[in-house]
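Below, each value reflects all heavy atoms present in this structure, side chains not excepted, and no hydrogens, waters or symmetry copies. Atoms within each ligand, like the ligands themselves, are counted from 1 in listed order. Since we're looking at a predicted model, the values are computed, not measured. Note that the numbering runs from 1 along the sequence shown for the chain.
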Amino acid sequence: MLILNKTAGVFFKPSRRKIYEFLGGFHFHPGKLFLHKLVLGIETSCDDTAAAVVDEAGNVLGEAIHSQTEVHLKTGGIIPPVAQQLHRENIQRIVQEALSASEVSPSELSAIATTVKPGLALSLGVGLSFSLQLVDQFKKPFIPIHHMEAHALTIRLTNKVEFPFLVLLISGGHCLLALARGVSDFLLLGKSLDIAPGDMLDKVARRLCLIKHPECSTMSGGKAIEHLAKQGDRLHFDFQPPMQRAKNCDFSFSGLQHVIDKMIMQKEKEEGIEQGQILSSAADIAAAVQHTVACHVAKRTHRAILFCKQRGLLHQSNAVLVVSGGVASNLYIRKALEIVTNATQCTLLCPPPRLCTDNGVMIAWNGVERLRAGLGILHNTEGIRYEPKCPLGVDISKEVGEAAITVPRLKMKI
Ligand code: KG4
Ligand code: ZN
């Protein structure tokens with residue numbers, strides 16, 4: 001067997017001892033019979049090393065995750081070579097833990113599914129290299145996975161949802177609205193023109209020094225904002241939602257972030273404190289920021305629902321909006337979206353928070369979906385590469401903008 005060398009994509013033959021150590025970590029059950037297809041999913045596209053074994057019926061047999069959040073919080077953001085090194089240090093253990101918990105041996109797997117796009121090049125490379133070694137060692141089919149497709153279809157593991165459905169993906173790296181028409185059939189209705197909402201919330205949390213706040217020190221930026229916002233009054237600040245005159249489904253967060261930065265600077269002056277200390281108005285700012293993000297996301301999503309309804313792209317009687325990605329675990333933003341779905345007679349569905357953030361289960365499940373649909377299953381992995389940039393589906397955002405749908409005002413009383 002091959003295991004990773006120091007440089008991504010370069011392998012070396014490990015010692016016999018290492019091979020036995022790795023294989024020795026699995027429990028083999030000779031008498032066991034699996035009736036369903038079993039997929040091992042591996043995720044390393046950003047800053048979480050995750051793996052899971054999921055069966056065809058959607059049962060999660062075993063999962064494991066190593067989060068790098070705490071390390072990156074200390075350095076003020078993700079440093080790709082650091083993320084790569086941490087993936088290298090953890091991937092073998094995480095895969096082994098997921099397999100051991102599932103009581104499935106690698107030889108019993110139907111396929112190995114791994115995120116290959118989009119994401120950080122150095123991070124994707126670790127997952128892909130490791131997976132290809134397993135594929136080669138155990139002679140299994142390989143299923144390359146699109147990270148955003150996996151987020152989008154996670155809901156079909158937890159709920160009975162038929163295609164087509166509208167999906168809003170909001171995370172640290174992505175922000176998009178798409179119509180899911182099939183396992184690998186998506187129409188892109190809109191996306192962020194600059195940064196993603198999670199990225200913005202992370203930056204604001206950093207600027208507010210929430211890492212020094214005793215209640216938030218180990219939380220991601222978005223989670224820290226949500227936590228602190230509960231103690232604040234959003235009415236003390238008035239940030240305008242971006243792009244109010246653009247009648248499309250695109251998003252923007254960097255302008256808003258600069259406005260907030262300026263406001264924080266002004267408040268620091270007023271309160272006579274240095275940058276690096278926590279403002280007394282931090283909770284009020286967090287509440288106002290969260291509210292503005294929620295209003296912006298809700299408005300764009302409202303327009304996407306109206307566009308899909310106008311074009312007959314969703315089920316007439318049972319239109320579904322799925323919201324996923326790390327930011328979707330924010331309950332305030334979910335409530336804003338609920339106001340929109342109630343007003344448009346749609347059903348709002350969100351995976352449970354642990355399946356909204358990056359995880360191995362969604363990758364394994366996407367492998368199951370592809371296996372069932374017979375889509376993208378590779379028996380020869382020659383030439384397979386990771387792709388740091390990769391759009392989701394067919395981009396019809398221009399057509400959405402040309403429709404210039406006016407969205408009725410909704411009272412955002414959350
Ligand atoms: O999906 P995810 O784990 O990774 C990406 O693919 O980006 O999302 C991580 C992002 C981070 O920016 C984090 O601050 C944000 O999701 N996040 C939240 C919450 N929990 C995580 N944002 C708002 N509210 C939360 N509760
Ligand atoms: Zn993600």
Legend entry - For atom 12 (O) of ligand 1, closest protein heavy-atom neighbour: D202 OD2, 2.8 Å

Legend entry - Under 3.5 Å donor-acceptor, R234 side chain and H291 backbone: no

Inset, instruction - Considering only NZ, NE, NH1 and NH2 on the basic side and carboxylate oxygens on the acidic side, decide whether K335 and E338 come within less than 4.0 Å. - result: no

Inset, instruction - Using distance alone, determine whether L201 and ligand 1 share an N or O pair under 3.5 Å. - result: no

Inset, instruction - Could you check atom 8 (O) of ligand 1 against the protein and tell me its nearest heavy-atom contact, residue, atom and distance included? - result: G326 CA, 3.3 Å

Inset, instruction - May I ask you to decide whether R156 forms a salt bridge with E369, counting only side-chain N to carboxylate O separations under 4.0 Å? - result: yes

Legend entry - Nearest protein heavy atom with distance in Å, relative to atom 10 (C) of ligand 1: G172 N, 3.4 Å

Legend entry - Electrostatic pair K203:D199 at N-O distance under 4.0 angstrom: yes

Legend entry - N, O or S atom within D358 nearest to the Zn ion (ligand 2), by name: OD1

Inset, instruction - Pull out every atom of ligand 1 sitting under 4.0 Å from any heavy atom of G198, numbered as shown with elements. - result: 12 (O)

Legend entry - Heteroatom test (N, O or S) for H151 near the Zn ion (ligand 2), limit 2.8 Å: yes

Legend entry - Any N or O of D48 closer than 3.5 Å to N or O of ligand 1: no

Inset, instruction - Starting from atom 20 (N) of ligand 1, find the nearest protein heavy-atom neighbour and note its residue, name and distance. - result: S329 OG, 3.4 Å

Legend entry - Under-4.0 Å salt bridge between E402 and K247: no

Inset, instruction - Measure centre to centre between the rings of F253 and H296, then say whether the value is under 6.0 Å. - result: yes

Inset, instruction - Return yes when H147 approaches ligand 1 closer than 4.0 angstrom through a heavy atom, no otherwise. - result: yes

Legend entry - Salt bridge R311-E399, side-chain N to carboxylate O under 4.0 Å: yes

Legend entry - Pair K269 + E271: basic N to acidic O under 4.0 Å: no

Inset, instruction - Tell me which one of V327, D358, V293, N359 gets a heavy atom nearest to atom 6 (O) of ligand 1. - result: D358

Inset, instruction - Test salt bridge (charged side-chain N to carboxylate O under 4.0 Å, His left out) on D395 and K398 and set out the steps. - result: CA-CA 8 Å; D395 188 346; K398 205 161 159 262; over 6 Å; no

Inset, instruction - Looking only at distances, please establish whether an N/O atom of ligand 1 is found under 3.5 Å from an N/O atom of G325. - result: no

Legend entry - Short N or O distance, E226 and ligand 1, threshold 3.5 Å exclusive: yes

Legend entry - Salt-bridge contact E215-K230 (side-chain N to carboxylate O under 4.0 Å): no

Legend entry - Electrostatic pair E149:R370 at N-O distance under 4.0 angstrom: yes

Inset, instruction - For T357, counting its heavy atoms only, list the atoms of ligand 1 lying under 4.0 Å from any of them. - result: 1 (O), 3 (O)

Inset, instruction - Would you name the N/O/S atom of H147 that lies closest to the Zn ion (ligand 2)? - result: NE2

Legend entry - Shortest protein heavy-atom distance from atom 22 (N) of ligand 1, along with the residue and atom involved: G222 CA, 3.3 Å

Inset, instruction - Could you list which atoms of ligand 1 come closer than 4.0 Å to a heavy atom of G173? - result: 7 (O)

Inset, instruction - Check whether any side-chain N or O of K212 sits under 3.5 Å from a backbone N or O of G276 as a donor-acceptor pair, and report yes or no. - result: yes

Legend entry - H151 heavy atom under 4.0 Å from ligand 1: yes

Legend entry - Close-contact set for ligand 1 against S220 heavy atoms, below 4.0 Å: 13 (C), 14 (O), 17 (N), 20 (N), 21 (C)

